[in-house]
2 protein chains.
Amino acid sequence: MQQVSDASRSPGYDPAPTNSRALIVDSIRSAGTVSRVELTQITGLTAPSVTTLVRRLIDDGLVDEAGRGSSTGGKPRTMLRIRAAARYVVGVHLSADSLTYVLVDYAGAVVARWRRAGPGDDSDPEQVVERIAAETTELIERSGVDPSLVLGLGFVCPGPLIRNRGVTSAPPSMTHWVGFPIHRRLEERLGLPALLENDATAAAAGTRLTTSHDVSVMAALFMSEGIGSGLRLNGNVYQGAHGNAGEVGHICVQIGGPQCWCGSTGCLEAIAGPATVVAKARAAGLDLGSPRRTGVAAFAAIARLALTGDSRAEAILRDSASWLALGAQTITNMYDVQLLVLTGPAFAVAGTIYLPIIQERILSSAFGRAVNTEVVLDERGHDAAAIGAALMMLRSDLAISA
Amino acid sequence: MQQVSDASRSPGYDPAPTNSRALIVDSIRSAGTVSRVELTQITGLTAPSVTTLVRRLIDDGLVDEAGRGSSTGGKPRTMLRIRAAARYVVGVHLSADSLTYVLVDYAGAVVARWRRAGPGDDSDPEQVVERIAAETTELIERSGVDPSLVLGLGFVCPGPLIRNRGVTSAPPSMTHWVGFPIHRRLEERLGLPALLENDATAAAAGTRLTTSHDVSVMAALFMSEGIGSGLRLNGNVYQGAHGNAGEVGHICVQIGGPQCWCGSTGCLEAIAGPATVVAKARAAGLDLGSPRRTGVAAFAAIARLALTGDSRAEAILRDSASWLALGAQTITNMYDVQLLVLTGPAFAVAGTIYLPIIQERILSSAFGRAVNTEVVLDERGHDAAAIGAALMMLRSDLAISA
DNA sequence: GCCACTATATTCACAGACCTAACAAACTCA
DNA sequence: TGAGTTTGTTAGGTCTGTGAATATAGTGGC
């Protein structure tokens, strides 16, 4: 049980691994395949240190040699890569209308994925724990992965939470979750360490960096049922004092604006979040399929309409995007990032509408111009949070012990 | 010259000192006087390590023993404290209408302070360098401190900058500073390492923590001629990818709001910053003394009027405060801090009007309620930026070498 | 005033991380 | 085939920090 709490501790920002072993593993993982010489450059360690650390990792079965590079006039480089089958982690993303599972291997690749209907609005937390535990077990079983190689589970849910204590406040659909220590219950039920994280923060951890240049400071703008953001610094997420950093959905963007479920008024989420977009679309008489369709499913229906030429749907989304752009600008102003990634289920379905509007505002703002902040769309938006939670587990100390 | 750049390097967030020597010095400095046993608790190092490190620090003249604590049944603790006279650093805060110098000793105390009129709007940067160099030299001379003990200089100016390159964009009064590498010029002129920092970020570093409980994540909301903020994590400031984190003055708080000098519209600073407050007060016919009085001096005149019962002045400031409260809420939402300190010259003169309004909004916001974020006024607001710059220099690697 | 007791601080021997310097291995090219 | 080049390893040393044992300087009982 000692180990269990270890993974989810870490008050505030977790500095870059002082642990060279973790540093090497991270470097190999994010590079794909690298040679030892390259590792000396990436990590700043000396060649002998790299040799020693890599040897131990190979002995422990965490890293493999993977053929040779071509010679550049001398001995060719021996390439290294993560032994993908060494360990696995599970990532789970819960929201009212969907429940996403991913199984991620030690190299960080998704080897299994499962999306199911969410527990709905009035679910009993204890029953949901049961269900998640059962489905997690089933996921592992069906994937054919040896369960003893599964290190732990990263669990993600929307909204503010207090690390190690559970959800502290929640959107209307999940109020009965407040104060329920779901990750602890999952730990007990599954016998695996579990980590609890905010959806947006996890998404920041899960975003693959596909930019050419080196990005050490990036943020994710996450939209699912709500709106949030996460900040990633050199691969570590910034969580704030209580694990609630990045609550961009509840900054006030309009004095005297509409009431938000959070108790405040004029929140970005209340004005331009998916729930509001859906309400506006319904009010405008758009056909979103079944009237029982809610949350991201309903939002996706609007996006489909907009993308197939419905100008009313498009106008509603473009209006939402102009507000989201404000949030994005706040993120870049406050965090000063090199890269902002739009991610989460809502951007997965409507990102192409939001992206140019957000980009334009960022690039035309004074600081955007001065420093050239890039804004991109995550191609794995749907699963970003679940993947991120899994990756956070994969980067915990647990994951590098022999 | 190697050393010189060392102090101002540090891409993005600088993790807690891995350097135990620096850790010990920091711990003693922030505790005032401590025993070795207490240091083992604070730092997590073992008793033998503390013994050794402290012995070296005493040998190097950086730390002194300072009598004994009272016994609690055994050997009384030998108290340690920083040898204040071991080293000194200078902090300089430049704005259009004032130039503040502080000389800070190795214990972090201000031993000399000098506030002078600013260079005004149309000053030649080279001449300002000359003037600052001369006045810095004079400050040191008059203080009686041995110049060879002065480690370096922390330089602070308003607005966005790119670390190591100078100011990148600037308020109207300082546009001619754009691109001028003032800290490099000061280094050359004074023969001392210099560090360039944004005023708000430095203020976060300069704020003394007077709260009872342990604060590891705090932010400063800084108001001088402009509005900015800084984030401090475990004693290290977060600077962002380009040194521009915390630009809360240029988040948009009103769609279609007034034009800001930064090129954007609806910026917090344009709506509620000191310049706007002064303009409104003049428009309302308030007597601010000489019509040539500008910047913080004019703002201070309004604050005096408000505090002596002028209801028009008070209304103008209260309106500004309600907008600043939005900015404060954004800070707490994005950074999730335990403590928010209002600081800078403008809060130094009008803080008592702003504080309750800001406090109320933070405490009534959902996340404020859930996690109890404290909001306080800095009693050293006038000098916070200069002091902070000095303290940042004091925490650089330079400052702990024998 | 002496003795046990306790809390504080130090010494000593050792483990581990990481470095420099020297060396071995594996390729290219003349 | 061998010189040159690049990659990786071995050997030895330094430095940091640890645990175990010990020294130091008080308190309080008798």
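A note on names: the letters A, B, ... follow the listed sequences, proteins ahead of strands, and every chain is numbered from 1.
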Enquirer: Could you tell me which non-hydrogen atom of Arg380(B) sits nearest to which non-hydrogen atom of Gly206(B), and how far apart they are?
Expert: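 Distance-wise, the nearest heavy atoms are NH2-O, 3.1 Å.
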Enquirer: Would you mind reading off the distance between Arg21(A) atom CZ and dG16(C) atom P, rounded to a whole angstrom?
Expert: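 These atoms are roughly 14 Å apart.
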Enquirer: Starting at the 5' end of DNA chain C, which residue's closest nucleotide do you reach first, Ala47(B) or Arg56(A)?
Expert: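 So the residue in question is Ala47(B).
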Enquirer: Is Ser35(A) close enough to dT7(D) that one of its side-chain N or O atoms is under 4.0 Å from OP1 or OP2 there?
Expert: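 False: Ser35(A) side-chain N/O out of range (4.0 Å or more) of dT7(D) OP1/OP2.
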Enquirer: Taking NZ, NE, NH1 and NH2 as the nitrogens, is one of them in Arg36(B) or Glu65(B) under 4.0 Å from a carboxylate oxygen of the other?
Expert: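 Answer for the salt bridge query: yes.
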Enquirer: What string of B, S and - do you get for nucleotides 21-30 of chain C, 5' to 3', if B is base contact, S is sugar-phosphate-only contact and - is no contact with any protein heavy atom under 4.0 Å?
Expert: B---BBBS--
Enquirer: To the nearest Å, give me how far apart CZ (Arg36(A)) and P (dT9(D)) are.
Expert: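 Atom CZ in Arg36(A) sits about 4 Å away from atom P in dT9(D).
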Enquirer: Could you give the CG-to-P distance, from Leu53(A) to dC19(C), as a whole number of Å?
Expert: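 Going from Leu53(A) (CG) to dC19(C) (P), I get 10 Å.
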Enquirer: Report yes if some heavy atom in the side chain of Leu391(B) is under 4.5 Å from a heavy atom in the side chain of Val104(B); otherwise report no.
Expert: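 Of all side-chain heavy-atom pairs linking Val104(B) with Leu391(B), at least one is under 4.5 Å.
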Enquirer: Rounded to the nearest Å, what distance is computed from the CD atom of residue Glu38(A) to the P atom of nucleotide dG8(D)?
Expert: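 In whole Å, dG8(D) P and Glu38(A) CD are 9 Å from each other.
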Enquirer: Given atom CG of Leu80(B) and atom C1' of dA9(C), what is their separation to the nearest angstrom?
Expert: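 Interatomic distance, CG of Leu80(B) to C1' of dA9(C): 11 Å.
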Enquirer: Among dT10(D), dC19(C), dT11(C), which nucleotide has an atom closest to any side-chain atom of Arg55(B)?
Expert: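 Among the listed nucleotides, the one closest to the side chain of Arg55(B) is dT11(C).
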Enquirer: Kindly say if Thr46(A) contacts the phosphate of dC18(C), meaning a side-chain N or O under 4.0 Å from OP1 or OP2.
Expert: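 Negative; the distance criterion is not met.
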Enquirer: Of all the nucleotides listed (dT8(C), dG17(D), dT7(D)), which has the minimum atom distance to the side chain of Leu45(B)?
Expert: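 Comparing dT8(C), dG17(D), dT7(D) against the side chain of Leu45(B), the answer is dG17(D).
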Enquirer: Roughly how far, to the nearest 0.5 Å, is CZ of Arg232(B) from OG1 of Thr207(B)?
Expert: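 Separation between the atoms: 6.0 Å.
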Enquirer: Does Arg56(A) pair with Asp59(A) as a salt bridge, N-O distance under 4.0 Å?
Expert: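 Here Arg56(A) does not pair with Asp59(A) in a salt bridge, since their nearest N and O are not under 4.0 Å apart.
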Enquirer: Rounded to the nearest angstrom, tell me the gap between atom CD in Gln41(B) and atom P in dA7(C).
Expert: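 Taking atom P of dA7(C) as the reference, CD of Gln41(B) is at 13 Å.
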Enquirer: Classify the nucleic acid contact of Thr52(A) as base, sugar-phosphate or nothing, counting any heavy atom under 4.0 Å across all strands shown.
Expert: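 If one applies the 4.0 Å heavy-atom cut-off, Thr52(A) turns out to touch nothing in the nucleic acid.
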Enquirer: Hey, are Arg21(B) and Asp60(B) close enough for a salt bridge, meaning a charged N less than 4.0 Å from a carboxylate O?
Expert: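 Salt bridge flag = yes for Asp60(B) with Arg21(B).
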Enquirer: If you compare every side-chain N and O of Thr51(B) against the phosphate oxygens of dT10(C) (OP1, OP2), does one of them come in below 4.0 Å?
Expert: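 For dT10(C), OP1/OP2 do have a side-chain N/O of Thr51(B) under 4.0 Å.
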Enquirer: Nearest to the Ser20(B) side chain among dT7(D), dT16(D), dC18(C), which nucleotide is it?
Expert: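 Out of dT7(D), dT16(D), dC18(C), the nucleotide with an atom closest to Ser20(B)'s side chain is dT16(D).
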Enquirer: Quick one: side chains of residues 47-55 of chain A, donor-acceptor pairs under 3.5 Å with protein atoms, not counting sequence neighbours, listed by atom name and distance.
Expert:
residue	atom	partner	partner atom	Å
Ser49(A)	OG	Thr46(A)	OG1	3.0
Thr51(A)	OG1	Ala47(A)	O	3.1
Thr52(A)	OG1	Pro48(A)	O	2.9

Enquirer: Whole angstrom is fine here: how far is it from CG in Asp59(A) over to P in dT9(D)?
Expert: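 So the CG-P distance, Asp59(A) to dT9(D), works out to 12 Å.
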